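Report on the structure given below.
Small disclaimer: the values here were computed from a predicted structure and weren't measured.
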Number of protein chains: 2
Amino acid sequence: MSRPCPQHQHPHRLIQQPLSDLTDKLRRGELKITAPRQAILDVLRKHASPLTIKEIHTSLGKMDCDLATIYRNMHTLERMGLVRRYDFGDGAARFELSPEEGDAHHHHLVCKQCARIIELDDCFLSEFQDQLARRHGFTKISHRMEFFGICPTCRVP
Amino acid sequence: MSRPCPQHQHPHRLIQQPLSDLTDKLRRGELKITAPRQAILDVLRKHASPLTIKEIHTSLGKMDCDLATIYRNMHTLERMGLVRRYDFGDGAARFELSPEEGDAHHHHLVCKQCARIIELDDCFLSEFQDQLARRHGFTKISHRMEFFGICPTCRVP
DNA sequence: CAGAAGATTGCAAACCGCTTGCATCCTCAT
DNA sequence: ATGAGGATGCAAGCGGTTTGCAATCTTCTG
């Protein structure tokens with residue numbers, strides 16, 4: 001809901017420019033520019049919070065492609081680093097455009113009642129995570145962290 | 001794999017004593033002491049890290065009860081606070097005996113290759129979590145956090 | 001600009017973890 | 001011992017996700 005500082009707000013240049021940049025990017029990954037692919041990225045670009053596959057599908061509206069196609073595309077785009085996958089524990093994966101190149105990511109505060117999602121500022125765990133990796137000899141370390149609760153609107157007074 | 005300080009190590013008195021304590025506990029919740037129930041708790045007591053339903057089922061060995069029974073029991077035991085549910089994002093819930101009465105919990109470092117699980121010390125997020133709740137007006141706040149990586153054994157040299 | 005190679009799509013079926021309805025069985029208070 | 005109601009087994013079902021396959025589309029090449 002609230003992307004913090006504007007300097008982190010790169011509106012994903014790569015996918016907003018006409019085509020050439022996207023082409024470059026996709027070609028490098030041996031991907032083709034197809035209608036479903038573009039439509040999915042359009043949908044993601046229009047939404048601030050992570051979307052489920054079902055939400056993406058309904059958002060696609062008349063350009064209505066198969067669910068399997070969306071699932072496959074999300075894998076592909078995730079593998080290429082264009083989208084990021086989140087898991088809020090309700091059994092449905094959610095996807096968001098990657099903040100920018102690199103490893104930046106953030107976490108979420110989710111209302112258990114109405115599913116409103118508040119995006120939190122940049123993650124503060126990287127130092128702790130590195131310590132952890134060192135202490136236990138782990139490599140390629142990553143983490144998941146989400147917060148849940150009842151939002152002010154849903155709280156019964 | 002490594003429960004930290006021994007003082008946190010209460011071996012779950014309630015379920016290890018012959019029967020009376022367990023009886024008390026269960027009776028209070030209007031639960032009955034059944035063979036599957038006891039067997040499941042036995043299995044959990046024997047393992048240090050969280051188990052999936054499938055793992056519990058195979059660990060049950062000859063006392064082989066229905067999967068649905070295990071699912072139902074895990075819900076019940078969780079609702080009673082006897083077990084704690086964890087989600088490592090691989091699509092299968094995992095269960096562990098609750099550390100003790102109360103809200104204590106910890107997090108995990110999981111090897112993405114061999115699924116080895118290292119239990120981390122007590123959670124350090126409660127203060128941050130409270131701030132978050134205050135700042136956004138959320139109530140009943142909770143969180144999930146797990147770390148993933150490749151353990152020293154699985155790393156190819 | 002046609003042709004070819006190969007990625008992508010749609011469709012349908014299958015998978016997987018999990019839940020549920022129902023008849024039967026078992027535990028426990030009396 | 002008995003009755004009430006929780007617990008179990010079985011089988012069907014559900015939602016999210018994956019997959020095999022044939023048809024289609026994008027893009028490279030000549």
Side-chain angles (χ1 to χ4, degrees), chain A residues 18-43 50-60 62-80 82-83 85-95 115, chain B residues 18-43 50-60 62-80 82-83 85-95 115:
Chain A
L19 260 190
S20 55
D21 283 344
L22 176 57
T23 310
D24 280 0
K25 182 79 175 177
L26 292 183
R27 193 183 306 155
R28 225 178 303 147
E30 298 186 322
L31 296 190
K32 294 178 177 173
I33 300 184
T34 66
R37 203 105 83 192
Q38 290 185 91
I40 290 170
L41 288 170
D42 277 351
V43 165
L51 299 179
T52 63
I53 296 280
K54 219 191 295 174
E55 288 165 344
I56 294 173
H57 183 246
T58 62
S59 271
L60 282 176
K62 65 165 199 161
M63 148 56 75
D64 157 56
C65 70
D66 197 87
L67 278 180
T69 299
I70 306 184
Y71 278 107
R72 280 190 277 233
N73 268 305
M74 298 327 286
H75 277 138
T76 309
L77 296 171
E78 186 190 10
R79 182 160 37 81
M80 294 192 52
L82 281 176
V83 309
R85 174 190 302 259
Y86 292 99
D87 175 1
F88 292 171
D90 61 350
R94 294 172 195 253
F95 300 89
Chain B
L19 260 191
S20 55
D21 282 344
L22 177 57
T23 310
D24 279 359
K25 183 79 175 178
L26 293 183
R27 192 183 306 155
R28 225 178 302 148
E30 298 185 324
L31 296 190
K32 294 180 176 172
I33 300 184
T34 66
R37 202 105 84 192
Q38 289 184 92
I40 289 171
L41 288 170
D42 277 350
V43 166
L51 299 179
T52 63
I53 297 280
K54 220 189 298 175
E55 288 166 344
I56 294 173
H57 184 246
T58 62
S59 270
L60 282 176
K62 65 165 199 161
M63 148 55 76
D64 157 57
C65 69
D66 198 88
L67 279 180
T69 300
I70 307 185
Y71 279 108
R72 280 190 277 235
N73 268 306
M74 298 327 286
H75 277 138
T76 309
L77 296 171
E78 186 189 10
R79 183 159 36 80
M80 293 190 54
L82 281 176
V83 309
R85 175 190 301 260
Y86 291 99
D87 174 2
F88 292 172
D90 61 350
R94 292 171 195 255
F95 300 89

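Two residues are said to be in side-chain contact when any heavy atoms from C-beta on lie closer than 4.5 Å; A/L41 and A/L77 meet this criterion. Put simply, the side chain of B/C65 reaches to within 4.5 Å of the side chain of B/I70, judged on heavy atoms.
Here the closest heavy-atom approach between residue A/M74 and residue A/I40 is recorded as SD-CG2, 3.9 Å. Heavy-atom minimum distance, A/P50 versus A/R94: CB-CB, 3.6 Å.
Considering only side-chain N and O atoms, B/K54 lies under 4.0 angstrom from the phosphate OP1 or OP2 of C/dG17. Side-chain nitrogen and oxygen atoms of B/T34 include at least one within less than 4.0 Å of the OP1 or OP2 phosphate oxygen of D/dT8. Regarding contacts with the backbone of D/dT17, a side-chain N or O of A/Y71 is found under 4.0 angstrom from either OP1 or OP2.
The separation between A/M74 atom CE and C/dT8 atom P is 15 Å, rounded to whole Å. Note: CE (B/M80) to P (D/dA7) measures 10 Å, nearest angstrom. In this structure, B/D87 places its CG atom 12 Å from C1' of C/dG17, rounding to the nearest Å. C/dT8 atom P lies 16 Å from atom CD1 of A/I70, rounded to whole Å. For B/F88 and C/dG17, the CZ to C1' distance is 17 Å, given to the nearest whole Å. Taking atom CG of B/D64 as the reference point, atom P of D/dT8 lies 13 Å away to the nearest angstrom. Between the CZ atom of B/R37 and the P atom of C/dC28 there is a distance of 10 Å, given to the nearest Å. Here the P atom of nucleotide C/dC26 and the NZ atom of B/K32 are 12 Å apart, to the nearest Å.
Among the heavy atoms of the strands, none lies under 4.0 Å from B/L67. When heavy atoms are screened at a 4.0 angstrom cut-off, A/A35 is found touching no nucleic acid atom at all. Counting any heavy atom pair closer than 4.0 Å across all strands shown, B/A68 reaches a base atom. Contacts of A/H75 with the nucleic acid, taken as non-hydrogen atoms under 4.0 Å apart, involve only primed sugar atoms and P, OP1 or OP2.
If one axis is set at each end of the helix from C/dC1-D/dG30 to C/dT30-D/dA1 from five pairs, those axes are 30° apart, to 10°.
Of the candidates C/dC18, D/dG9, C/dG10, the closest approach to any side-chain atom of B/A93 belongs to C/dC18. The side chain of B/P36 approaches D/dT8 more closely than any other nucleotide in the set D/dT8, D/dT17, C/dT9. Taking the side chain of B/D66 as heavy atoms from C-beta on, and the options D/dC10, D/dT27, C/dG10, the nearest nucleotide is D/dC10.
Taking CD1 from A/I53 and OG1 from A/T58, the interatomic distance works out to 11.5 Å, rounded to the nearest 0.5 Å. Between the NE2 atom in B/H57 and the NZ atom in B/K54 there is a gap of 11.5 Å [rounded to 0.5 Å]. Taken from CZ in A/R72 to CZ in A/R37, the straight-line distance is 11.0 Å, to the nearest 0.5 Å. Once rounded to the nearest 0.5 Å, the distance linking CG of B/L60 with OG1 of B/T69 reads 10.0 Å.
Taking the nucleotide of DNA chain C with the nearest heavy atom to each of B/D90 and A/R72, the more 5' of the two is matched to A/R72.
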